[in-house]
Amino acid sequence: MIQNTITENDIATLAVSELQPILKGKILAEGNDGYDTERKVWNGMIDRRPAVIAQCLTSNDVVQSVKFAKDNNLVISVRGGGHNVTGNAVCDKGIMIDLSLMRTVSVDAENQVAQVQTGATWGDFDKATQQYGLASTGGLISTTGVAGLTLGGGVGWLVRKHGLCCDNLVGAELVTADGSLLNVSTKENPELFWGLRGGGGNFGIVTSMKFQLHNLGKVVGGMIVHPQNSAKEVIQFYREFMKTAPDDLTLYTCLLTSPDGFPVVGYVGCYSGQIENAEDILKPLREFGSPLADQMGPMSYIELQSMLDAPFPKGNRYYWKSGFIKELSDDAIDMIISNASIVASPYTAIILEFYGGVSATEPEGGTSYPHRQSEFDLVIISNWTSPDEDEKNITWTRKFFDSMAPFLSHRVYMNALGVEGDERIKEAYGDNYERLVALKNKYDPANLFCMNQNIKPTI
């Protein structure tokens, strides 16, 4: 869409006079207390300045903010958890609709469902649901937003046992481009519900979500770490082990640098089945090779969900590349290890994720998330602290990803996609792209919601 020619000061003045009186929340503009704090997101590389930030407290606040943006031809960005690497939660010169104060989680333990406002993080979600011994698939880091992760598909420690986040979504409330507030589920607006389950923020702003919950007590989780000079054997073992691993076990392998500066390779995962069966399942992992450390043990699900928070803090600088590997061949493993040996930052992690299990089948009503095949997902999470090192880290990441081209399947998980152009966006949506375009044409033909992995309307 085209940004209006009025200045940011004009927009701010207009928002204070016209929008603020009808909001329960607060309008922030440059110079206001809290403005600089609220425009900061997880990725420290993002430094954008919205003309106004609408700190919403209710669904009606979101409706009124959307109408204000549409009437004044403003770019809209939407902040939930603000964790996505692209920084699409923040726009320049437009309106940032901030949901981060809308984070109530209500649990119906008898029917095993949770109603969640979309400013909530998975940490908020898990704290509420675990009080009842319940959980749902949700992320790998507790500060990740519930809404953004789910709309893009959503993988986490329970993905093999209970499917993707979007598979467990059973209803939502959505503000559309015309300011309507719609309920969506398999029974109400079912085609739009299909689109929300993997189509990102393209069709409106989700203000509330309902999730199916599952019984979950203690889990066995953590890491088993080997020296990186054993990486080929460790990854080969992982490749073969996952062919017969039970759905109760979600396990990834990663190459990284230990806190004392030593290059390592490890298994990181969660066993969520019967605790008394855990040792039989994990025994081959524990006995393989000569690990430097075995830190897998019983823990609460909340402990597991925050296990990786510290290595990936808010404010560091992040640049990602990702893609599914058509075959994790020995040659592909060699290429990964070769690039890891010249990693540009000690904070960077290279992760191989394998899903499968329940996530390989679609739930009732289907989803627009397309990648149900059993392939390993390579995620390169470049992570550093100084702006002076931007070029070095970005260049290393791009060269690494380019070297993997012969091994990639031209599929990509949307939540791990950076700003990479229209063709990569189509790879994220796969065979569902044209059906998603039809939904975009119906619900957002002017592309009001464009700060996302954008599905462009064709009318």
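Values reported hereafter were calculated over all heavy atoms of this structure, with side chains retained and with hydrogens, waters and symmetry mates removed.
For the pair Y267 and V234, the minimum side-chain heavy-atom distance is below 4.5 Å. Taking the side chain as every heavy atom from C-beta outward, K440 and N447 approach each other to under 4.5 Å. Side-chain contact check for L408 versus I325: some heavy-atom pair is nearer than 4.5 Å. Residues M451 and V78 fail the side-chain proximity criterion, which asks for heavy atoms closer than 4.5 Å. No side-chain heavy atom of I76 sits less than 4.5 Å from a side-chain heavy atom of C91. The closest side-chain heavy-atom distance from Y443 to L182 is below 4.5 Å. Using a 4.5 Å cut-off on side-chain heavy atoms (C-beta onward), F241 and L249 make contact. With a 4.5 Å cut-off on side-chain heavy atoms, F449 and F203 do not count as touching.
Of all heavy-atom pairs spanning C56 and M102, the tightest one is O-CG, 3.3 Å. Shortest non-hydrogen contact noted between L149 and G138 is CD2-C, 4.1 Å. Taking each heavy atom of Y238 and L251 in turn, the nearest pair found is OH-O, 2.7 Å. The two residues A278 and V220 have their closest heavy-atom pair at CB-CG2, 3.7 Å. Taking every heavy atom of both residues into account, P457 and D444 meet most closely at CG-O, 3.9 Å. Between D126 and I302, the shortest heavy-atom distance links the atoms O-CD1, 3.9 Å.
Side chains of S403 and N339: a donor-acceptor N/O pair is present below 3.5 angstrom, by distance only. Between the side chains of Q130 and S300, no donor-acceptor pair is found at a separation under 3.5 Å. In the model, T58 has no side-chain atom that pairs as donor or acceptor with a side-chain atom of N60 under 3.5 Å. With hydrogens and angles left out, the side-chain atoms of Q305 and S142 include no donor and acceptor closer than 3.5 Å. Defined by atom type and a distance below 3.5 Å, a donor-acceptor pair is present between the side-chain atoms of S322 and D377. A donor-acceptor pair shorter than 3.5 Å can be found between the side chains of S208 and Q115.
Of the possible polar contacts, none joining the T253 side chain to the I235 backbone as a donor-acceptor pair under 3.5 Å is found. Distance alone, capped at 3.5 Å, is enough to place a donor-acceptor pair between the S136 side chain and the Q212 backbone. For the pair R197 (side chain) and D167 (backbone), a donor-acceptor distance under 3.5 Å is present. Proximity of a side-chain donor or acceptor of Y433 to a complementary backbone N or O of A428 within less than 3.5 Å is not detected. Between the side chain of T137 and the backbone N or O of C165 there is no donor-acceptor pair closer than 3.5 Å. Under the 3.5 Å distance criterion, the side-chain polar atoms of N215 are left unmatched by any main-chain donor or acceptor of G217. Side-chain N or O atoms of N43 include one that pairs as donor or acceptor with a backbone N or O of Y318 at under 3.5 Å. No donor-acceptor pair closer than 3.5 Å links the side chain of Q236 to the backbone N or O of A231. A distance-only check finds no donor-acceptor pair linking the side chain of Y369 to the backbone of L164 [under 3.5 Å]. E362 places no side-chain N or O within 3.5 Å of a backbone atom of R372 that could act as its donor or acceptor partner.
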Query raised in the report: side-chain hydrogen bond (donor to acceptor under 3.5 Å, both in side chains) between N432 and S368: does it pass, once the steps are laid out?
Result: CA-CA 6 Å; N432 292 328; S368 54; 5.7 Å; no

**Report entry** salt bridge (Lys or Arg N to Asp or Glu O under 4.0 Å) between K210 and D108, worked out
**Finding:** CA-CA 10 Å; K210 183 183 285 188; D108 178 348; over 6 Å; no

Report task. Test S100 against E38 for side chain to side chain contact (heavy atoms under 4.5 Å, CB included), laying out the working first. Result -> CA-CA 9 Å; S100 64; E38 293 305 312; 3.8 Å; yes

Report task. Could you go through the side-chain hydrogen bond (donor to acceptor under 3.5 Å, both in side chains) check for Q55 and D61 one step at a time? Result -> CA-CA 8 Å; Q55 291 187 297; D61 281 1; over 6 Å; no

Query raised in the report: Checking side chain to side chain contact (heavy atoms under 4.5 Å, CB included) for the pair V66/V63: CA distance, chi angles, key distance, verdict?
Result: CA-CA 5 Å; V66 168; V63 169; over 6 Å; no

Query raised in the report: How far apart are the C-alpha atoms of S345 and N383, what are their side-chain angles, what is the distance that settles it, and do they pass the side-chain hydrogen bond (donor to acceptor under 3.5 Å, both in side chains) test?
Result: CA-CA 7 Å; S345 166; N383 172 7; 5.8 Å; no

Report task. Give the C-alpha distance, both sets of side-chain angles, the deciding distance and a yes or no for side-chain hydrogen bond (donor to acceptor under 3.5 Å, both in side chains) between T104 and Q117. Result -> CA-CA 5 Å; T104 300; Q117 288 186 305; 3.1 Å; yes

**Report entry** Working for salt bridge (Lys or Arg N to Asp or Glu O under 4.0 Å), residues R239 and D330
**Finding:** CA-CA 10 Å; R239 178 185 64 194; D330 288 351; 3.0 Å; yes

Requested in this report: Before giving the answer on side chain to side chain contact (heavy atoms under 4.5 Å, CB included), spell out for R411 and Q373 the whole-Å C-alpha distance, their side-chain angles and the decisive distance to 0.1 Å.
Outcome: CA-CA 10 Å; R411 299 183 178 102; Q373 73 291 334; 3.5 Å; yes

Report task. Could you walk me through whether L140 and F312 pass the side chain to side chain contact (heavy atoms under 4.5 Å, CB included) test, one step at a time? Result -> CA-CA 11 Å; L140 303 174; F312 303 103; over 6 Å; no

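The aromatic rings of H371 and F324 sit tilted, their planes meeting at an angle between 30° and 60°.
Of the options I425, V437, N202, D422, a side chain to side chain contact (heavy atoms under 4.5 Å, CB included) to K456 is made by D422 and by none of the others. Looking at I336, I351, V412 one by one, the single match for side chain to side chain contact (heavy atoms under 4.5 Å, CB included) with L378 turns out to be I336.
Residue D402 qualifies as enclosed at atom CG: its count of foreign heavy atoms under 6.0 Å is above 12. Residue-environment remark: NZ (K232) exceeds the threshold of 12 foreign heavy atoms within 6.0 Å. Atom OH of Y347 has 12 or fewer neighbouring heavy atoms from other residues, nucleotides or ligands inside a 6.0 Å radius. In the displayed structure, K24 atom NZ is contacted under 6.0 Å by at most 12 heavy atoms of other residues, nucleotides or ligands. Counting heavy atoms of neighbouring residues, nucleotides and ligands inside a 6.0 Å radius, atom CD of E276 exceeds 12 of them. Counting non-hydrogen atoms of neighbouring residues, nucleotides and ligands closer than 6.0 angstrom, the NZ atom of K40 exceeds 12 such neighbours.
Between K161 and D248, at least one side-chain nitrogen of the basic residue sits less than 4.0 Å from a carboxylate oxygen of the acidic one, meeting the salt-bridge criterion.
Pairs of residues two or more places apart, or lying in two chains, that qualify as ring-ring contact (aromatic ring centres under 6.0 Å, His included) and include a residue from residues 161-198 are H162-H214. Residue pairs meeting the ring-ring contact (aromatic ring centres under 6.0 Å, His included) criterion with at least one partner in residues 101-126, sequence neighbours excluded, are W122-F125, W122-F211, F125-F211.
To the nearest 0.5 Å, atom NZ of residue K326 and atom CZ of residue F407 are 9.0 Å apart.
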